[in-house]
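What follows is a short report on a single structure.
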Amino acid sequence: ALILPGAPPQPPPSPGGGLALQPAAFGAAIAAAALPAAQPAQMSPATGMGEKGGGSAAGGGRGDAWRAMAAPNSGAGALTSAGIVHPLTGSVWRLSCEDKGCREVQLALDECHDEATKEALAAELKGHVWAAVRCPHANHVLQKFIKVMRPQASQFIIDELLGPGATQAARHRFGCRVVERLLEQCKSHQLQGIFQGLVDDALALSMHQYGNYVMQHVVVYGSVEQQQRVAANLAESLYAVASDCHGCAVLVKLLSCDCKDTRLALARKLVSSSSLLPSMARTRHGHIAVKLVLQALEDAPDELHRARSELEANVPTFRSCRYGRFVATLLTNQVPTCPSTPPATSMLWPPLCKGDGQAGGGGRSERGRWAEPRHQRGKQARVKEVLPSNRMLDRVRDALLPPGAEAWARATEAALHCPPEATLGGA
């Protein structure tokens, strides 16, 4: 008798001596013997997540929690223009919550050129938008759908985000990216509700770690009226916004917008605040804002003179910090140069710069700004500082210069750095 593993009990032999095995039972027995037994997933007692599989690229396991939320979606199916069912049909949400799966979905969307197919695949995310916003993997799939679909097809994403509020998504680490893609791709009439919530909460969002990026998009992609409303909301607490590193970035966008009236009104508000411009000139985004303020006040000579006078009084303080030196150079009507630019009187640079400064990499010499401490120099200065120690440069210099030329150049350079009285006395 033929006995297969996992087969149901066999009926007695037929009178003819043969084995009467039903076709259905025989097929089930073969399938049970061919497929391996499913092993239960090992759950971590500390986190409640699977110890293997999925997760982000940094480490496995984190994607299992999101996979548990991704129930199988048995929809009608995405049909291509040729009537063929797309391979990802019914698995978009499950794959979107996985590390490798989200990349497969994005690659499939890049290769798909049928609008109906993309919209049918996106329909599998309906009801999961907020979960996708918070997922470290699915948020990338959501952004990809917004970028490759028609703006009208992204309406269900806008509708689901409007429930809890777009401001909540703007404050999220991943949600801010989704809101930015919506502002970039969708039409203005679709985003009225989102713009309304973001503009009303402009003051808090502008100083938020992630919300400030959304507010910059509001300024760039919003209408003139929305830009003016954002500027008016920030003007209520302008000192707090200008003193915040995130808020200054939003001010830079407002000062560089297309509306001339918005730029001029905000610049006048900044100038009217006492000691605000000097404090901004020493910050990362603030020194750019100061430059834009001076440009916006070109049509207002009185305010421009007041701003320049206030800044020029703090030039000695500006020269002691990295961003302040940019403003100090700007006030002298000179083009700001890189601090790594060698002095014009150096004839044999880089070999002559080999001994500049003190042994510890700091201090100032007769060359002034060129001998700044190492941590205050730019990347280009550190690269050029390595070049003089190369012996090949010394060999090339000795081969190109005629005998006695090096001594003449050193004597000439020393004379240029000495006062005239000392030069005449030495002669």
Side-chain angles (χ1 to χ4, degrees), residues 55-59 62 65-66 99 102 129-144 146-147 157-158 160-186 191 193-222 226-227 229-257 266 269-270 273 276 279-290 292 321-323:
S56 63
R62 192 167 63 176
W66 296 103
D99 178 18
C102 72
V129 171
W130 268 103
V133 165
R134 297 189 296 268
C135 177
H137 309 304
N139 78 89
H140 297 287
V141 177
L142 201 60
Q143 295 179 63
K144 178 63 71 172
I146 296 172
K147 292 172 64 176
I157 302 176
I158 300 174
E160 293 192 32
L161 285 181
L162 284 178
T167 57
Q168 183 178 349
R171 289 181 170 88
H172 194 269
R173 178 182 180 183
F174 308 129
C176 64
R177 307 172 183 174
V178 177
V179 178
E180 289 173 8
R181 300 294 88 77
L182 289 174
L183 298 180
E184 293 171 0
Q185 304 294 331
C186 295
L191 302 171
I194 291 182
F195 272 120
Q196 180 69 28
L198 295 176
V199 172
D200 292 342
D201 200 16
L203 182 59
L205 287 175
S206 297
M207 294 185 288
H208 191 268
Q209 180 181 6
Y210 304 116
N212 76 92
Y213 298 106
V214 177
M215 292 309 303
Q216 294 181 46
H217 271 62
V218 170
V219 174
V220 173
Y221 296 97
Q226 291 163 350
Q227 294 174 356
R229 289 181 56 193
V230 171
N233 291 341
L234 298 185
E236 297 177 358
S237 301
L238 192 57
Y239 192 88
V241 175
S243 303
D244 185 80
C245 61
H246 306 305
C248 260
V250 181
L251 291 179
V252 170
K253 289 294 182 180
L254 285 171
L255 290 169
S256 57
C257 66
L266 184 59
K269 190 70 176 179
L270 289 170
S273 301
L276 185 56
S279 62
M280 293 174 60
R282 297 189 291 267
T283 60
R284 177 185 178 185
H285 300 291
H287 75 287
I288 301 296
V290 170
L292 295 174
C321 62
R322 173 184 177 184
Y323 302 112

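Along the sequence shown, residues carry numbers from 1. Note that the structure is a prediction, hence the values are computed from the model and not measured.
Residue Lys253 qualifies as open at atom NZ: its count of foreign heavy atoms under 6.0 Å is 12 or below. Annotation: Tyr323, atom OH; neighbour count of heavy atoms from other residues, nucleotides and ligands within 6.0 Å is above 12.
Considering only heavy atoms from C-beta on, Leu270 stays 4.5 Å or farther from Ser273 through its side chain. Residues Ile158 and Cys186 meet the side-chain proximity criterion, which asks for heavy atoms closer than 4.5 Å. Between Val241 and Val250, every side-chain heavy-atom pair lies at or beyond the 4.5 Å cut-off. Glu184 places a side-chain heavy atom less than 4.5 Å from the side chain of His217. At least one side-chain heavy atom of Val129 sits less than 4.5 Å from a side-chain heavy atom of Ile157. Counting heavy atoms from C-beta on, the side chains of Asn212 and Met207 never come closer than 4.5 Å.
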Worked check of side-chain contact (heavy atoms from CB on, under 4.5 Å) between Leu205 and Leu198: CA-CA 8 Å; Leu205 287 175; Leu198 295 176; 3.7 Å; yes

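Annotation for Val214 and Ala170: closest pair CG2-CB, 3.8 Å, computed over non-hydrogen atoms. Considering every non-hydrogen atom in both Met280 and Cys248, the closest pair reads CE-SG, 4.3 Å. Across Ala166 and Val179, no two heavy atoms sit closer than the pair O-CG2, 4.4 Å. Closest non-hydrogen pair, Ala202 versus Val230, comes out as CB-CG1, 4.3 Å.
With rounding to the nearest 0.5 angstrom, the CD atom of Gln196 is 12.5 Å from the CG atom of Leu191. Atom CD1 of Ile288 and atom OG of Ser256 lie 10.5 Å apart (nearest 0.5 Å). In this structure, the separation between NE2 on His140 and CZ on Phe174 is 7.0 Å, given to the nearest 0.5 Å. Between atom NE2 of residue His208 and atom CG of residue Asp244 there is a gap of 11.0 Å, rounded to the nearest 0.5 Å. In this structure, the separation between CG on Leu251 and CG on Leu234 is 6.0 Å, given to the nearest 0.5 Å. To the nearest 0.5 Å, atoms CG (Leu238) and CD (Glu236) are separated by 10.5 Å.
Between the side chains of Arg177 and Gln143, no donor-acceptor pair of N or O atoms lies under 3.5 Å.
Pairs of residues two or more places apart, or lying in two chains, never qualify as ring pair (Phe, Tyr, Trp, His ring centres under 6.0 Å) while including a residue from residues 229-248. For residues 193-219, the pairs satisfying salt bridge (charged side-chain N to carboxylate O under 4.0 Å, His left out) are Arg171-Asp201, Asp200-Arg229, with sequence neighbours left out.
Under the side-chain hydrogen bond (donor to acceptor under 3.5 Å, both in side chains) criterion, His172 pairs with no residue, sequence neighbours left out.
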